[in-house]
Amino acid sequence: MFTPVSAKFFEAPTLELSRSLLGQILVHELPEGIVAGRIVETEAYMGADDRAAHSFGNRRTKRTEVMFGKPGLVYTYQMHTHTLINVVSGPVDTPRAILIRAVEPVEGIDLMAKLRGKHMPIKQWTSGPGKLTKAMGITMDYYGHHFTERPLYIAEGDPVHAVAVGPRVGIGNSQEAVHYPYRFWESDNPFVSKFR
DNA sequence: GATCAGATGACCT
DNA sequence: GGTCATCTGATCC
């Protein structure tokens, strides 16, 4: 089955980790079964100096608190009706995080379909940050959990064939940060979220 | 206590 | 392209 990566994996610099997360497997072991998705799109949020980051200016709140912690912690937060999941990036007290924007279903297809509810093409199950958390049963309960621990963890996957880089999605009011090239995805992967 | 904006997505015209 | 669901934090009173 799947084995969690070591904590060491998360210690790479944030932009490097954003790239190396591509191709790795996000696994959730639910009572009803295992769901797993290969990460194909990420976005880096560079903390104190990044106007698009929740932790811009070292803003420390109940929500951003976990970003100041150890790399590899889970940062979940609510966006309207959706849960979004991030990987905290270090070092401690450097509040950076990497948003997982899309995965490619690799295991637990039936369960994912059930969790998504509505009938739709598989390409639409996990091709967006809010979609993938729903398809994988990820909730706010995982805030502060660590990605090396069951039941929610990251396992080693397959290398990506090519990585594309571009500006982040949905941060139009973030002034100078709007065009920072902090979005990474596997070129031509059909599960990458749509451009806007 | 009120109000507003937002790292989204589904559905409508 | 527009609306809105409905949650949390920030910023004002």
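Because only heavy atoms are used, hydrogens play no part in the values below, and waters and symmetry mates are left out as well, while side chains stay in. Convention: sequence-line order gives letters A, B, ...; per-chain numbering from 1.
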[X] near the nucleic acid: base, sugar-phosphate alone, or nothing, with a heavy-atom cut-off under 4.0 Å?
{"X": "A:R51", "result": "nothing"}
{"X": "A:K118", "result": "sugar-phosphate"}
{"X": "A:N86", "result": "base"}
{"X": "A:R63", "result": "sugar-phosphate"}
{"X": "A:I171", "result": "sugar-phosphate"}

Are any of [X]'s side-chain N or O atoms less than 4.0 Å away from OP1 or OP2 of [N]?
{"X": "A:T61", "N": "C:dT8", "answer": "no"}
{"X": "A:R183", "N": "B:dA7", "answer": "no"}
{"X": "A:N173", "N": "B:dA5", "answer": "no"}
{"X": "A:H54", "N": "B:dA7", "answer": "yes"}

TODO: Check whether any side-chain heavy atom of A:V88 sits under 4.5 Å from a side-chain heavy atom of A:R96, and report yes or no.
DONE: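 Contact flag for A:V88/A:R96 side chains = no.
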
TODO: Both distances under 3.5 Å, Watson-Crick or G-U wobble: report the partner of B:dC11, or none.
DONE: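 When the pairing criteria are applied, C:dG2 turns out to be the nucleotide that pairs with B:dC11.
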
Open item on the list: I need the A:H82 NE2 to A:K131 NZ distance, nearest 0.5 Å.
Closed with: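 Reported value, rounded in 0.5 Å steps: 10.0 Å.
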
Task: Earlier contact from the 5' end, DNA chain C, for A:H82 and A:M140 - done: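 In this pair, the answer is A:H82.
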
Open item on the list: Is the terminal nitrogen or CZ of A:R60 (NZ for Lys, CZ for Arg) located under 6.0 angstrom from the six-membered ring centre of A:F68 and within 45° of that ring's axis?
Closed with: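 Checked: cation-pi criterion met.
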
- [ ] Please determine if A:R168 forms a cation-pi arrangement with A:F184, meaning its NZ or CZ atom is less than 6.0 Å from the six-membered ring centre and no more than 45° off the ring axis.
- [x]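 So A:R168 doesn't make the cation-pi contact.
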
Nearest-Å distance for atom pair [atom1]/[atom2], residues [X] and [N]:
{"X": "A:F56", "N": "B:dA5", "atom1": "CZ", "atom2": "P", "answer": "19 Å"}
{"X": "A:H80", "N": "B:dT8", "atom1": "NE2", "atom2": "C1'", "answer": "7 Å"}
{"X": "A:Y180", "N": "B:dA7", "atom1": "OH", "atom2": "P", "answer": "16 Å"}

Open item on the list: Are A:Y77 and A:H54, when compared by the centres of their aromatic rings, separated by less than 6.0 Å?
Closed with: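 Ring centroids of A:Y77 and A:H54 are less than 6.0 Å from each other.
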
